[in-house]
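Residue numbers run from 1 in the order of the sequence given.
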Amino acid sequence: MTTTPKPHIGQELLSRAHAPDTAEQLFTERIKHKPLYLRPTSPTPADNRNRRRLHRLRKKEYFLRKQKPKPLSARQKRASGLYDLPKEECKYAVFKELHKLWVEYMHDILDVKDRPGQFAVTPLSHGSKLVSADFHGAEVEVVRSRCAGRVSTKGIVVRDTMFTFVVVTEKDEVKTVPKEHTVFRFSVPLPEPQNDTTEGSGDTSAGKNLVFELHGSQFENRPVDRANKKFKWRNVDYL
C-alpha cells in the first residue's frame, strides 16, 4: 500500500493565493529549483577559545607597539650606575665651567643681567624664583649645622637630590651633605657693565656679590618638584 506524498507547504500556500497554473509555476521557479545556500557549521568551543586567544595576542601586540618606553625604577637606576660619578671625572676645574653657566642662569632668574646697578632683590619679588631654581652648578658652603663636621664644607653642586647635596670641593673630593638641619650659603656675582660709560658715575655694584642663605630643612624636595611647587612661609628653626 503506497501513500501519497504530503504536498509542500509552500505549494499549498501558493495554491490558496493564485490559480493552479500560476501557483505551480511560482513553486517550480521560486522554491523547488532555487539554490540552497548552506551556512558553515557553528564553531566548536575549542575554535572559540583559539579565536579569543588570537584576538588577545593581536591586541597585546598593538598595545606594546604603541606604548611608550617604561621608565626605569629607582632600583634599576642604581643597578645601571646612572648616578655614579667616576672619580677620574670629578674634578673641580671641570665643574667650574658648569658654575659659570649657573651664574648666567641666576642672572636671568633675578633679572639683573641688563640692569647693572638698577635692581632690587627682595624676598617678595624674587623669593619664589630662588626656591624654584635649579642648583646644579651652584657653589655652596655650609655655614651652620647641627653636625659640626659639616660646617665649612664648600663645593660645586653636581647632584641635587631630595635630601642631599652632592658637591665637589676644590681638593677634587666628592662629599654628600644632608640638607636636614643645615644652612647653606651661596653667592651670585653681579654682572660687569657692558661698556665703560659707568666709570666715574658712582656705580659700585660691579665686583660685588649677592649672598643668600638656604635652609636645607625647608628645601627637601627634588629640582623637578620645585618648579611648580608653591612654597609657604615657615618659622626658621634655630640651629
Self-check item: V140 side chain reached by R185 side chain, heavy atoms, under 4.5 Å
Solution: no

Exercise for review: Check the pair L13, R16 against side chain to side chain contact (heavy atoms under 4.5 Å, CB included), reporting the backbone distance first and the verdict last.
Suggested key: CA-CA 5 Å; L13 294 175; R16 296 179 182 180; 4.2 Å; yes

Any donor and acceptor pair, going by atom type alone, linking the side chain of T182 with main-chain N or O of E180 inside 3.5 Å? yes

So CZ of F219 and NE2 of H215: to nearest 0.5 Å the spacing works out to 12.0 Å

Interatomic distance, CZ@F184 vs CZ@R150, rounded to 0.5 Å, equals 8.0 Å

CG (D21) and CD (Q25) are apart, to the nearest 0.5 Å, by 8.5 Å

Is there a donor-acceptor contact under 3.5 Å linking the side chains of R51 and N48?
yes

> Can you check whether E139 reaches K96 side chain to side chain, under 4.5 Å on heavy atoms?
Replying inline: yes

Are E213 and V143 close enough, and set up right, to give a side chain to side chain contact (heavy atoms under 4.5 Å, CB included), and what steps lead you there?
CA-CA 9 Å; E213 287 190 355; V143 292; 4.2 Å; yes

Practice prompt. Apply side chain to side chain contact (heavy atoms under 4.5 Å, CB included) to the pair T169 and Y92, showing each step before the final yes or no.
Written response: CA-CA 6 Å; T169 64; Y92 184 83; 5.8 Å; no

Just wondering, do V188 and H107 contact through their side chains at under 4.5 Å, heavy atoms? yes

Kindly indicate whether the side chain of F95, heavy atoms from C-beta on, has any atom under 4.5 Å from the side chain of W102.
no

For E88 and K91 the tightest heavy-atom approach is O-CE, 3.5 Å

Mind checking whether L210 and L110 have side chains closer than 4.5 Å, heavy atoms only? yes

- Query: Backbone N or O of L101 within a donor-acceptor pair of the E104 side chain at under 3.5 Å?
  - Reply: no

When rounded to the nearest 0.5 Å, the distance separating CZ of F212 from CG of L130 is 5.0 Å

With sequence neighbours left out, the residues meeting ring-ring contact (aromatic ring centres under 6.0 Å, His included) with H18 are none

Worksheet item: Okay, side chain of H181, backbone of S145: is any donor-acceptor separation there less than 3.5 Å?
Response: no

Rounding to 0.5 Å, atoms OG1 (T176) and CZ (F163) come to a distance of 14.5 Å

Those residues at least two apart in sequence (or on a different chain) that pass side chain to side chain contact (heavy atoms under 4.5 Å, CB included) with D108 are K113

Within the structure provided, determine whether F27 and Q11 are in side-chain contact (heavy-atom separation under 4.5 Å). yes

OG1 (T161) and CZ (R222) are apart, to the nearest 0.5 Å, by 10.5 Å

Using atom types as modelled and distance alone, determine if a side-chain donor or acceptor of N209 lies under 3.5 Å from a backbone N or O of V211. no

Closest non-hydrogen contact found for V166 with V174 is CG1-CG1, 3.7 Å

### Task
Compare all side-chain heavy atoms of V94 with those of V168 and state whether any distance is below 4.5 angstrom.
no

### Task
Could you tell me whether R58 and E61 have a side-chain N and a carboxylate O separated by less than 4.0 Å?
no

Exercise. Are the side chains of Q218 and K179 in touch, meaning some heavy atoms are under 4.5 Å apart?
Worked result: no

Practice problem: Answer yes or no: are there more than 12 heavy-atom neighbours, outside R75 itself, under 6.0 Å from its atom CZ? | Solution: no

Note to self: Under a 3.5 Å distance rule, please check whether H8 uses its side chain to pair with a backbone N or O of G10 as donor and acceptor.
What the structure shows: yes

